[in-house]
Q: 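Have a look at this one before I ask anything.
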Amino acid sequence: MMNTTSAPVLHAAGISKFFPGSIALDDVELTLYSGEVHALLGENGAGKSTLIKCLTGAYRRDAGMIRLDGQEIDPRGPLDSQSLGIGTVYQEVNLLPNLTVADNLFLGWQPTRHGLLDRKTMVRRAGEILSGFGLEIDPSLLLSAYPIAIQQVVAIARAVEQSGKVLILDEPTASLDRDEIDLLFSVVRQLTARGIAVVFITHFLDQVFEIADRVTVLRNGRLVGTRQMDDVTQSDIVEMMLGRHLETHLRRRDRSAPGKSLLKLKNFGKRGMIEPFDLDLHEGEVVGLAGLLGSGRTETVKVIFGVTAADQGNAELRGKPVKMANPRESIAMRFGMCPEDRKTDGIVGDLSVRENIILSLQARQGWHRPLTRTKINEIVDHYVKALDIRLASPDMPIRLLSGGNQQKALLARALATEPELLILDEPTRGIDVGAHAEIIELIEHLRAHGMALVVASSEMAELVTYSNRIIVLRDRHHVRELEGDAINTGAIVRAITQQEALA
Amino acid sequence: MIRSPRLPLYITIATFILAFAICVSQYPAMLSTRVVANLLTDNAFLGIAAAGMTFVIISGGIDLSVGSVIAFTGVFLAVVMRDFPVHPLVAFAMVLAITISFGAAMGAIIHYLEMPPFIVTLAGMFLMRGLAYVMSTDSVPVTHDFYNTLQGIYWKAPGGGRFRMIGGLMILTYVVAMIVLHRTKFGQNVYAIGGSPVTAKLMGVPIAKTTIGIYAVSGGLAGLAGIVYSLYTSAGYSLATVGVELDAIAAVVIGGTLLSGGSGFVAGTFFGILIMGLIQTYIVFDGSLSSWWTKIVIGGLLFAFIMLQKGLSWATTMRRKPAAEFATRS
Ligand SMILES: Nc1ncnc2c1ncn2[C@@H]1O[C@H](COP(=O)(O)OP(=O)(O)OP(=O)(O)O)[C@@H](O)[C@H]1O
Ligand SMILES: [Mg+2]
């Protein structure tokens, strides 16, 4: 286990990093001891990912020094830090979909024979490594053939293999299920037993308490402090992160009856994606979608919004038959959607934050009727403030925002169209505790003002707080609907597992 | 099968076999070593240039300077050998050094100044063509005994086909290119950059070195193609090989390489070249068709292959399976 008496494995001090218009890091210190799991926490935009990138050389730091095992190091890029024994899973970018799984695992440190890549060994070793992570997949297939969660595990496996001394994980669990998280944690424990130091960034505080030995908190690019996990409570940490106390309001939802029927789906489905289901949505109602990864939450959301057109069943909007064939028509019917995978389906990285926020609204208006400059600024300012999006300027390309702030900007895009039906897929993924509470508040607020919402989320506790109804999915089936007093996490878990027992 | 990354390559090979079968069924005489030998000889310079282009396109770039570099090489060789008493092998070494450095310089500009490859290589295209003009506006013949010796080397196959050295050089180029692209770290880095330069950088791919290397390979192979062209025509002419870069790009795309980068095969390009050569041969055999039909058929093929790639990428994303199916835990 952790050994704080000896010299640290890695010691970074005085790290500063400036970007045009913002100070991302200001004199930050991080000390890692052999065999510890060190949580790095902070609000969205606090500078966690930037600190990691400065440590691995992906960014040039503007000040500060890094010592590894007492030796001063100056990694000039990820390749340097990899060869120094620092393995990293970066937050945004994981792997290359156009290479095979094995190629991704070994890129940069491929085994060679006679100077040529030894593909046989690569595929065999990849298979062994991945089965250590509970994956039985064919490593000679393209990475893109596999879903995001699997890709994420492959990224973690790659970093673990490279981490001789330090393993850095930047929000690795955001798209993983409980089982995969357990597996990751058991791997992390094996590594720390071998004396490797692990840096773990996340917004899930329960996971921090489960696995971390010490915690370092950043706020606005500054170091707030480093603590032993044994000495702090969850609310201490939240206070360190936010600089204020967060009232935990697990207010029960008020039970104002939903309004008129808005959207009625009958026998709606798409072969191979989601079994036909019925759904009756009312104004002023939140319907939650619960289920494990791959259970069909995202697929349900996609057919409702017309991202993939349903091939059976019919839909009625306020009693009139409609077709949801593509997102454009859905937007025209005043539906809004915030997708799960912001990197591939959501943001347009090189466009400014401003343009990203008004994109859907402008699309609905038609490109021949451009929004006026003042109107745009008004909308953008409003949502930047309402959602507390941290940015240097709305004109900066959205890819430069921190992960959580990109997520908020996407939410702003959906809200800017003032939809009647808002579909949210994992709205709180990668979002800090403070903003998390605000988004739940926002959902309540929108519902109270008559909006209908469909929210898919892997966080059951969160679904329970704001849903009027919860649909539980399993194996691409809608298996159970919970309503009123029947809504609680226990019931959801039972609905998922009961079916498992039946099957 | 549909998930195999090699599918586009198989389709290109199948297309070639089909095209050859059609040709032979119409003109049985086309099934001869003579036709095959000529196919290799006549397309050697284009083939070598296209091999370099494959590296560039897989990395997500483009190299428009290829045709000009070939013309420059031809003129340079002819003029140097006319004006100075240098042995052709020395001249070859000189011109390769120039074209490799030229390519590397373009790569460096693309990387360090963050300029689009299209613009940089377009400028390179004008520069090289201009240099060729400056050296000579007329066609300069090469009359060196060593050229005659090289041109005299061939292997006469049964059936009368003469497999010349330059055809062999093209095949050798492809063998080496295949090994480099598929079996070396450099080759993997080319694919990685083509997939996403940002991700590749975070995964530790040396972007600068690789980008410079890619354009150096393309420049060097264009230089080699120029040497082959010089041997093929025994002359250097500054107006030669205009637009050859576009033929090379076409061969690469017909060979199943994605224009957007990240995916493709050198072997595919080889068959792309053969398919294009075959169309030309067919038109020669027919005799009544205008040679412009070559362009039209190649245009059609290009379109078909681009559509095919769209279809394939669509099919693979549609068949993505849910996570649960891959897990082994209980
Ligand atoms: N390349 C860049 N150019 C300009 N600003 C940047 C750049 N990268 C990051 N920033 C800014 O630096 C700040 C810190 O970002 P960082 O990504 O480190 O946050 P984070 O703590 O990882 O947040 P999250 O929890 O949302 O991932 C943000 O305000 C971000 O906008
Ligand atoms: Mg981050």
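Because only heavy atoms are used, hydrogens play no part in the values below, and waters and symmetry mates are left out as well, while side chains stay in. Quick note on labels: first sequence line is chain A, next is B, and so on, each numbered from 1. Computed from a prediction, not measured in an experiment: that's the story for all the values here.
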Q: At a heavy-atom separation under 4.5 Å, does Thr112(A) approach chain B through its side chain, its backbone, both, or neither?
A: side chain

Q: One thing to verify: whether Arg297(A) and Glu426(A) come together as a salt bridge, which I'm taking to mean a side-chain N less than 4.0 angstrom from a carboxylate O.
A: yes

Q: Counting heavy-atom pairs under 4.5 Å with chain B, which one of Leu99(A), Leu79(A), Leu117(A) comes out on top?
A: Leu117(A)

Q: Less than 4.5 Å apart, any side-chain heavy atom of Val205(B) and any of Leu107(A)?
A: yes

Q: According to the side chain to side chain donor-acceptor pair (under 3.5 Å) rule, which pairs have a member within residues 170-181 of chain B, sequence neighbours left out?
A: none

Q: Using non-hydrogen atoms and a 4.5 Å limit, figure out which bit of Asn104(A) sits close to chain B: side chain, backbone, both or neither.
A: both

Q: Which heavy atom of Ser49(A) sits nearest to which heavy atom of Gln91(A), and what is that distance?
A: OG-OE1, 2.7 Å

Q: Measuring heavy-atom distances to chain B, does Gln110(A) have an atom under 4.5 Å in its side chain, in its backbone, in both, or in neither?
A: both

Q: Apply side chain to side chain contact (heavy atoms under 4.5 Å, CB included) to Ala108(B) and list each qualifying residue two or more places apart in sequence or on a separate chain.
A: Tyr112(B), Ile212(B)

Q: Do Thr199(B) and Tyr90(A) have side chains that get closer than 4.5 Å, going by heavy atoms?
A: no

Q: Please report the closest heavy-atom contact between Val56(B) and Ile214(B), naming both atoms and the distance.
A: CA-CG2, 3.7 Å

Q: Can you say whether Leu116(A) sits under 4.5 Å from chain B via the side chain, the backbone, both, or neither, judging by heavy atoms?
A: both

Q: State which residues pass ring pair (Phe, Tyr, Trp, His ring centres under 6.0 Å) with His478(A); sequence neighbours excluded, sorted by chain then number.
A: Phe277(A)

Q: For chain A, which residues of residues 180-193 of chain B have at least one non-hydrogen atom nearer than 4.5 Å to it?
A: His182(B), Arg183(B), Thr184(B), Lys185(B), Gln188(B), Asn189(B), Tyr191(B), Ala192(B)

